[in-house]
Protein chains: 2
Amino acid sequence: MKIGLDIMGGDYAPKAAVLGAIEAHKTLAADQTLVLIGDKEVALTLLKENNYSADNFEFVHTTEVIGMGEHPTKAIMQKPDSSIAVGFRMLKEGSLQAFSSAGNTGAMLVGSMFSVKTIPGVIRPAMTAIVPKLKGGLGILLDVGANADCKPDVLLQFGVLGSLLAESIYNIPNPKVALMNIGEEEEKGNLLSLATYPLMRDTKLFNFVGNVEGRDLFSDSNDVVVCDGFTGNVILKLAETFYVITLKKQFKDEFFARFNYEQYGGSPILGINAPVVVGHGISNPEAIKNMVLLSKNMIETKLIEKIKQAFQ
Amino acid sequence: MKIGLDIMGGDYAPKAAVLGAIEAHKTLAADQTLVLIGDKEVALTLLKENNYSADNFEFVHTTEVIGMGEHPTKAIMQKPDSSIAVGFRMLKEGSLQAFSSAGNTGAMLVGSMFSVKTIPGVIRPAMTAIVPKLKGGLGILLDVGANADCKPDVLLQFGVLGSLLAESIYNIPNPKVALMNIGEEEEKGNLLSLATYPLMRDTKLFNFVGNVEGRDLFSDSNDVVVCDGFTGNVILKLAETFYVITLKKQFKDEFFARFNYEQYGGSPILGINAPVVVGHGISNPEAIKNMVLLSKNMIETKLIEKIKQAFQ
């Protein structure tokens with residue numbers, strides 16, 4: 001098993017990425033190889049500084065970097081030797097079984113769709129976020145930004161993707177899937193949620209538990225919350241802000257502590273033909289380590305195969 | 001000046017409403033009369049129990065009540081002697097200068113649009129919420145649920161409504177109006193925000209400061225945040241949940257304390273021909289008092305006239 005990591009992606013790359021790779025490597029089995037994609041000389045220097053043998057990794061040297069602010073499609077096209085473009089090429093060819101990066105999210109999405117491609121039957125891939133639950137455990141929110149505008153059949157599919165993620169990776173049996181809405185009743189909502197509700201109500205693809213509201217995000221009433229990527233992105237950034245505020249105000253609490261993205265590693269891009277994880281731009285070594293381990297977990301649990309089966 | 005209050009609306013009505021009316025009355029000038037609309041006998045009993053003279057109020061006895069869960073349009077039509085229906089009739093006739101209720105929000109919206117009616121030129125009225133700012137002060141979020149689906153020109157108008165509310169009622173000079181979005185750049189967003197941005201950028205109707213994200217809600221970068229009612233409702237309920245969680249966890253903090261809806265009284269329905277405020281269903285006497293005073297403030301600052309002028 002070869003697990004690819006973009007060491008040039010993220011605000012603190014390449015240092016945070018290489019340090020994270022070291023921590024991830026310590027947990028890997030002998031047949032699991034971490035492939036570091038980026039500036040090899042810089043990586044070797046960082047490994048030496050940290051007294052960690054370069055023999056523990058494979059390296060793929062790249063000469064270009066896609067910046068955090070670059071236009072995704074243009075950057076992927078114009079920088080074929082960027083760490084992200086090379087990572088996706090290797091993933092597509094099968095020389096990697098998973099790829100992750102804390103770099104340009106848009107470029108990761110574009111790379112996913114144009115090289116690895118969506119799974120046949122999946123209309124749009126989705127990005128997910130982890131939601132800590134008040135009474136312990138966690139849930140999943142999707143989409144959090146891959147698709148600003150969605151149609152009802154796309155949201156229905158997000159229910160399938162989120163349900164499989166929750167079950168495979170987070171060991172939640174028969175996940176309760178809910179639709180984010182502005183009222184609990186079936187007749188409440190905007191045009192999108194009104195049209196989506198009957199599709200979800202009648203589906204046998206997952207365990208639909210009805211509408212939830214903003215106030216229900218952290219409740220046990222649901223394990224997976226489905227919404228369009230605009231709403232999900234606003235929710236995610238608002239929730240992150242609350243976490244940041246509690247940190248600044250030094251409110252120590254195990255619930256708020258579970259908002260810390262570092263422990264979850266990143267957001268899988270679901271619905272594509274390979275395990276891909278996008279990390280937070282501000283990823284530190286701990287986050288990078290968990291991003292790598294999440295991508296490994298996606299290989300081991302055969303999540304992609306399960307999704308393919310669901311959409312056959 | 002006659003200020004109408006529905007004493008039958010809200011989870012703790014009529015008691016919380018009557019107790020709130022007493023507190024509101026204590027702050028009113030001699031020429032400001034509070035008109036209590038609802039079951040007069042019950043009101044008189046409550047006033048007697050609290051040793052507050054009934055001579056301080058005017059009463060309009062009604063025999064019907066619209067429940068919190070009732071279908072708004074049906075309820076308004078089928079219960080012409082409900083406190084909400086009567087309140088709107090009086091407001092339309094001019095025997096009240098403002099009306100407020102902590103009752104059925106949908107019925108308040110329907111009553112607003114069908115009796116008082118929207119101001120000529122206003123496409124859709126909006127409901128607003130107060131947002132505490134991290135560095136002190138407050139901002140406004142709209143729409144928070146009156147319009148689940150919005151078009152770009154409707155959002156543009158919400159900018160006007162929110163700006164006038166911020167300036168008139170909350171004394172924020174030249175309010176900074178922002179568009180809720182999933183990125184700061186002009187080219188980020190869903191179809192709605194992408195189409196709205198150029199309208200706002202080019203308008204002279206208010207001081208547009210660009211896109212904001214979920215994480216910017218509490219920042220000083222903006223005074224008024226505009227979004228569709230679906231997004232706004234999700235934001236509002238999520239933010240309320242965080243407030244409730246900090247309360248439960250006994251995190252005492254002046255920022256979180258400013259989330260307490262009680263001190264703001266309720267949400268004005270903006271864009272209609274009279275001052276109307278809807279209170280939170282769980283309004284206690286303090287909230288009712290502030291709801292009444294907010295509706296009075298809307299009269300005194302001539303907010304409705306200012307909105308009419310803006311849409312001439």
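The chains referred to below are lettered A, B, ... by the order of the sequence lines, with proteins before strands, and numbering in each begins at 1.
- Ranking Phe218(A), Phe242(A), Phe256(A), Phe255(A) against chain B, the residue ahead of the rest is Phe242(A), based on heavy-atom pairs under 4.5 Å.
- With Asn147(B) contributing its side chain and Asp149(B) its backbone, the two residues share no donor-acceptor pair below 3.5 Å.
- Proximity to chain B (any heavy atom under 4.5 Å) is shown, for Ser219(A), by neither the backbone nor the side chain.
- For Leu194(A), no part sits under 4.5 Å from any heavy atom of chain B, backbone or side chain.
- In this structure, chain B has a heavy atom under 4.5 Å from the side chain of Leu217(A), while its backbone stays farther away.
- Between chain A and the options Glu187(B), Glu240(B), Glu213(B), Lys248(B), the largest number of non-hydrogen pairs under 4.5 Å is found for Glu213(B).
- Proximity to chain B is absent for every atom of Leu236(A), based on heavy atoms less than 4.5 angstrom apart.
- Under the 3.5 Å distance criterion, the side-chain polar atoms of Asn211(A) are matched with a main-chain donor or acceptor of Glu185(A).
- Checked by atom type, the side-chain pair Asn284(B)/Glu262(B) shows a donor-acceptor distance below 3.5 Å.
- A ring-centre distance under 6.0 Å is not found for Phe259(B) and Tyr264(B).
- Both the backbone and the side chain of Asn181(A) come within contact range of chain B, judged by heavy atoms closer than 4.5 Å.
- Of the residues considered (Asp228(A), Asn233(A), Leu134(A), Ile182(A)), Ile182(A) shows the highest number of contacts with chain B, using heavy-atom pairs under 4.5 Å.
- Enclosure of atom NZ in Lys249(A) by more than 12 non-hydrogen atoms of other residues, nucleotides or ligands within 6.0 angstrom is indicated.
- Remark: side-chain polar atoms of Ser82(B) are not paired, donor with acceptor, to backbone N or O of Glu64(B) under 3.5 angstrom.
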